[in-house]
Amino acid sequence: MAKTLFITGASTGIGAATARTAAAAGWNVALMARSADKLDALAAGIGDQALAVPGDVTDLSSVEDAVTETVKRFGGIDAAFANAGKGLDRPGTVEGDPQKWRTLVDINIMGVLYAARATLPELKKTKGTLVLTGSAAGKRHISGSIYGATKWFVHGYAGNMAEEMREWGGRCSVIAPGMVDTPFFDDGAPDKLQPQDVADAVMHAIAAPERAAIREIHLMPQS
């Protein structure tokens, strides 16, 4: 029976690349994001292995409903990729917009927590893997970066979850890329990492033999 991967932030960039890569490797994929049209197009391109479950990661009940639909369709969840995230267009504590900080925290922190909370009961049944999208910005100090601080949370949480999940045979990994050529950047970054590079790292984490817990993958562009 095919394994199933649940992905948040699945409509574009890293999430979409991971969905295509996992499906090509024989996985079923459940795709969650707010953009229903993009999700439907992505799912149609993948075929019967894909399920579009539009929803908002900042709403716990929405994530729980998506997980319920996934289990109903595919029978369970073997891996979850909490990938939804965003940045800030105006950095700085004094210069920044506090309302946008709230949105940032809701997506980058609460969205990760909600994805974990909703999927962990299913992952426990399969001794599955939880993968979180961290960042190179969560591994070093960047002058005044509030975005970077949210990724420090993700890295710390990933380590804590790895310790918790190992108690029942599960694994938690954090993928920490540097700049990736995704819609995250308004002007793109074609000379940097590609979404496929990160998707390959996610697949390495979830497809590793049970004896190996890939706790962190840190990848950077060469140029």
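Small disclaimer: the values here were computed from a predicted structure and weren't measured.
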Review point. Taking side chain as C-beta onward, heavy atoms only, is Val154 less than 4.5 Å from Val174?
Key: yes

Practice item. Without swapping roles, check the side chain of Asp40 against the backbone of Asp37 for a donor-acceptor pair under 3.5 Å. Key: no

Review point. Got more than 12 heavy atoms from elsewhere within 6.0 Å of CD, Gln99?
Key: no

Check your understanding: Is Ser223 reaching over with its side chain to a backbone N or O of Asp191, donor-acceptor style, under 3.5 angstrom?
Key -> yes

Review point. Is the side chain of Lys125 donor-acceptor paired with the backbone N or O of Asp78 at a distance under 3.5 Å, no angle test?
Key: no

Review point. Got a second to check how far Thr126's OG1 is from Leu123's CG, nearest 0.5 Å?
Key: 5.5 Å

Check your understanding: Do Asn108 and Thr150 meet the criterion of a side-chain donor-acceptor pair at a distance under 3.5 Å?
Key -> yes

Check your understanding: Are Lys86 and Tyr147 close enough that some pair of their side-chain heavy atoms sits under 4.5 Å apart?
Key -> no

Point to revise | Within 6.0 Å of CZ in Arg73, more than 12 heavy atoms from elsewhere | key: yes

Practice item. Would you kindly confirm whether Leu31 and Trp27 end up in one hydrophobic cluster when ILVMFWY residues are joined by side chain heavy atoms under 4.5 Å apart? Key: yes

Practice item. Hey, could you give me the CD1/CD1 distance between Ile175 and Ile217, rounded to the nearest 0.5 Å? Key: 4.0 Å

**Study point:** Backbone N/O of Gly9 and side chain of Asn83: donor-acceptor pair under 3.5 Å
**Key:** yes

Check your understanding: So, Gln49 side chain and Ala23 main chain: donor-acceptor pair closer than 3.5 Å or not?
Key -> yes

Check your understanding: Ile146 and Gly92: which non-hydrogen atoms are nearest, and at how many Å?
Key -> CD1-O, 4.0 Å

Study note, to complete from the structure: Of all heavy-atom pairs linking His155 and Gly134, the shortest is NE2-CA, 3.6 Å

Exercise for review: Look only at the side chain of Thr8 and the backbone of Ala84, and say whether a donor-acceptor pair between them is shorter than 3.5 Å.
Suggested key: yes

Review point. Among side-chain atoms of Asp200 and Gln196, is any donor-acceptor pair under 3.5 angstrom?
Key: yes

Point to revise | Donor-acceptor contact below 3.5 Å, side chain Ser62 vs main chain Asp56 | key: yes

Check your understanding: Quick one: do Asp89 and Lys100 make a salt bridge, cutoff under 4.0 Å?
Key -> yes

Exercise for review: Could you tell me whether a side-chain N or O of Arg171 sits under 3.5 Å from a main-chain N or O of Ala212, the two making a donor and an acceptor?
Suggested key: yes

Review point. According to the ring-ring contact (aromatic ring centres under 6.0 Å, His included) rule, which pairs have a member within residues 116-145, sequence neighbours left out?
Key: His141-Trp152

**Study point:** Note: Lys139-Glu216 ion pair, threshold 4.0 Å (strictly below)
**Key:** yes

Check your understanding: Met161, Leu60: one ILVMFWY side-chain cluster at the under-4.5 Å cut-off?
Key -> yes

Check your understanding: Is the shortest side-chain N to carboxylate O distance from Lys72 to Glu69 below 4.0 Å?
Key -> no

Study note, to complete from the structure: Value for NZ (Lys3) from OG1 (Thr129), rounded to nearest 0.5 Å, stands at 7.5 Å

Check your understanding: Taking it one step at a time, do Arg215 and Ser173 satisfy side-chain hydrogen bond (donor to acceptor under 3.5 Å, both in side chains)?
Key -> CA-CA 4 Å; Arg215 292 201 171 190; Ser173 301; over 6 Å; no

Review point. Can you tell me how far CG of Leu104 sits from CG of Asp97, rounded to the nearest 0.5 angstrom?
Key: 11.0 Å

Check your understanding: Between NZ of Lys127 and NZ of Lys124, what distance do you get to the nearest 0.5 Å?
Key -> 11.5 Å

Point to revise | Main-chain N/O of Arg90 paired with Glu95 side-chain donor or acceptor, under 3.5 Å | key: no

Practice item. Any chance you could measure Lys151, atom NZ, to Tyr157, atom OH, to the nearest 0.5 Å? Key: 14.0 Å

